[in-house]
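Below: one structure, written as structure tokens.
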Amino acid sequence: MSMDIIHEFDSYRCNAGHKTLSILHTVVGSLAIGSLAIGSLFWTGSLSAQNAPAPRLNAAATAAPVSAATTRPATGQPTARTSTATAPTAVGAARTGSAATGQTATTGQTAVGQVAAAGKTATGQTAAEKAVQSQKEPVKPEDLLVGAEPAPQEAVDAAKQLLSGTTSAKQTLPEYLKWKRKQYSRKVFLQAASPDQVKLWSQEATAGDGSAQYLLGELILFGVAGDGKPETALAWYNRAAATSPEAQNALGACYFNGIGTTQDLPKAVEAYQKAATAGCQDAMCNLAFCYLAGIGGVEQSYPKAIQYFEKPATDGDRDAIYNLALCYEFGLGMDKPDPKRAAQLYEQGTQLGDPESLCRLGNCYQEGIGVTKDLTKAIDCYTNATKKNSPEGYFDLGLCYAGGLGVTQDSTKALEMYQKAAELGHATAMFNLGVAYHQGTGLPKDLAKAIGWYQNAAARGEAQAKCNLGVCCLNGDGVEKNPQLAVQWFADAAGNDGLPEAMYNLGVCYFDGIGIAQDQTVGLQWFNQAAQEGYLDAIAAVGACLADGKGIAKDVEIAKQYLTVAAQQGHPAATAMLKELGGAIPATGTSAAGTPAASPTATGTSATGATAGTPATAPAGGTSAAKVPATTK
């Protein structure tokens, strides 16, 4: 029995049976390195706690998004849609492995086999912690303003009027807190302070007034007064922390982001806890986020997160409202989801002007989540979000134009929306632009630009972009061929992000010794891990390994079980091999077979797998990779 099944997957498949793009031919023959992760416009699964959008920190305190795409959970990328609509083009958001390649997860299978998975990076870190620790440069105060809305002129005028006199810090502070909770740029408010105002606060701060010390720290942090050094701002926050909950929270933010000090997540959590106990609602939201993500030394606890979100949400804090809505929508910390309550909360956030609540409310109307399905209302929500310069709003609207949902299909308009979202830092929009340039779909084919957008998306954690970069390095598409770097990209996307395509790709590299020492046992382990995610090529590959005794003891009967699962879902190579083995050929589209009765056990010594992590060097070509945004406020 040959291992041709491993080598027949020679094309990068788009979703939903779109045309194939056969671009990889290596010295070992026609070799499939997974899918190019072109993706379809829509994710065709159902949302769950594992792929819910990420909660955000309260932008009022020192907020910066978890990802530029939109400040959403620790548990995974925000899912573009749950529509089952077939994308009319190949340009779209590749969100999860099975959907991104047009492969349906195996019905009724929680795991296809139990081979121990090598290298899935069990670092003990949550996604949020990895995002924080991936910072290559210290966070700057201006980074914390990402996502803050420009204040309308009437608000700017009001701030100037408020600060036109010599108002004391205690009189000014409540207005400043209101301003922050509206998520306006804090610097706009602070710049409205006159030199006399700043002089008064400095005098009050020197005299020991906590409110003044906090405001002075803010002035310095945002470069409005003083030396502009974060260390100086931190010193004032420290002095004020004993009497000012807001300063205590700001101190926590400095520790969380490494502003003016070494990053220290446990100290950040300690500061948030003190501030929350003293009644600071921004700190309650930050602490809730830490519990939601299991970050900073606290054990992940959805109930505790909800507990800390409740009071600020009741008092109209739109970040708390948004995060609480996510919990209800995805059933985090509760017996089951409550989509109706989630939609009500998103509506409440929308009334408070929150662009992300607008987008989620649009999702609800698009999919009928807690409300009657209404595409017109969904488009209205996305459009209104774009008026607030929301990257997610532009992205969602782009998806609708690409798929013709609620609007006339217009791929050019879709790309325009992706472009705007990408310019605002939306990772998946960057990925989509990379795909468009890579394929020449709607844009002139330009591999250098494709690589540049993939790099930017990968720097923001977009797993599919990492996988595509690996493919490009392996193929020499827009970059020099570099199999070793390809392996690093696949290892990052597989181990850190759990992307099934990347797991499969990494398995092929190990199996055939491409860019790394050949180790068929480790290759099989990666195939098995991808198979457990329902990745059809991997399910077929495990069957082939069992049939040929490659990387595992030969077992034709169990091989047939794996191949049957893949063949039932129309996998041609699995069907051919099953026929060769004399197995019954199932009708495609039938219910998938259950988990194989016996689990394969890898032969040889236990493998450690690839070292996952961000490649030390990025592929050449295109724009330089953007810095990952800060993770808290």
Side-chain angles (χ1 to χ4, degrees), residues 57-65 132 135-151 155-156 159-160 162-164 166-169 172-173 175-177 179-180 183-241 243-244 246-264 267-268 271 275 282 286 425 626-633:
L57 293 167
N58 191 309
T62 313
V132 172
Q135 295 297 324
K136 301 299 186 297
E137 301 175 17
V139 176
K140 300 174 184 177
E142 52 266 32
D143 295 329
L144 304 175
L145 298 177
V146 173
E149 296 175 32
V156 175
K160 289 181 179 178
L162 173 69
L163 295 173
S164 60
T166 53
T167 313
S168 70
T172 304
L173 183 59
E175 298 302 323
Y176 182 55
L177 297 179
W179 180 278
K180 289 197 302 177
Q183 291 189 330
Y184 294 149
S185 167
R186 293 144 70 185
K187 191 170 185 177
V188 170
F189 184 98
L190 296 167
Q191 285 175 329
S194 67
D196 288 341
Q197 189 79 73
V198 174
K199 182 178 179 180
L200 174 63
W201 293 348
S202 297
Q203 292 171 345
E204 292 176 332
T206 303
D209 183 90
S211 297
Q213 291 169 340
Y214 167 64
L215 286 175
L216 186 57
E218 296 283 275
L219 287 166
I220 294 169
L221 186 67
F222 290 100
V224 177
D227 59 13
K229 293 181 179 178
E231 295 83 359
T232 307
L234 180 69
W236 281 110
Y237 292 148
N238 259 313
R239 291 178 65 176
T243 58
S244 170
E246 290 75 24
Q248 185 72 254
N249 178 64
L251 189 61
C254 288
Y255 280 120
F256 198 103
N257 289 302
I259 297 175
T261 184
T262 303
Q263 186 183 67
D264 191 325
K267 277 190 177 181
D282 291 341
N286 282 351
K627 186 184 70 171
V628 178
T631 313
T632 128
K633 50 184 196 177

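From Leu221, atom CG reaches atom NZ of Lys229 across 14.5 Å, with rounding to the nearest 0.5 Å. Rounded to the nearest 0.5 Å, atoms OG1 (Thr167) and CG (Leu200) are 8.5 Å apart. Rounded to the nearest 0.5 angstrom, Gln197 CD and Leu190 CG are separated by 11.0 Å. Remark: Leu234 CG to Cys254 SG distance equals 5.0 Å, nearest 0.5 Å. Considering OG1 of Thr172 and CZ of Phe189, their distance stands at 6.0 Å, rounded to 0.5 Å.
In this structure, Leu216 and Ser202 have side chains that are in contact, with non-hydrogen atoms separated by less than 4.5 Å. Contact check for Val188 versus Trp179: side-chain heavy atoms found under the 4.5 Å cut-off. In this structure the side chain of Tyr214 never reaches within 4.5 angstrom of the side chain of Trp236, judged on heavy atoms. Contact annotation: the side chain of Gln203 never approaches that of Thr206 to less than 4.5 Å [non-hydrogen atoms, C-beta and beyond].
Proximity of a side-chain donor or acceptor of Asn257 to a complementary backbone N or O of Ile259 within less than 3.5 Å is not detected. Checking side-chain atoms of Glu175 against main-chain N and O of Ala159 turns up no donor-acceptor pair under 3.5 Å. Looking only at distances, a side-chain donor or acceptor of Glu204 sits under 3.5 Å from a matching main-chain atom of Ala169.
Residues Ala240 and Gln213 approach most closely at CA-OE1, 3.2 Å, considering heavy atoms. The heavy-atom pair separating Val198 from Ala193 by the smallest distance is CG2-CB, 4.1 Å. Shown here for Lys180 and Arg186, the closest heavy-atom pair between the two residues is CG-CG, 3.7 Å. A pairwise comparison of heavy atoms in Ala233 and Ile220 identifies N-CG2, 3.9 Å as the closest pair.
No side-chain donor from either of Glu246 and Tyr176 sits under 3.5 Å from a side-chain acceptor of the other.
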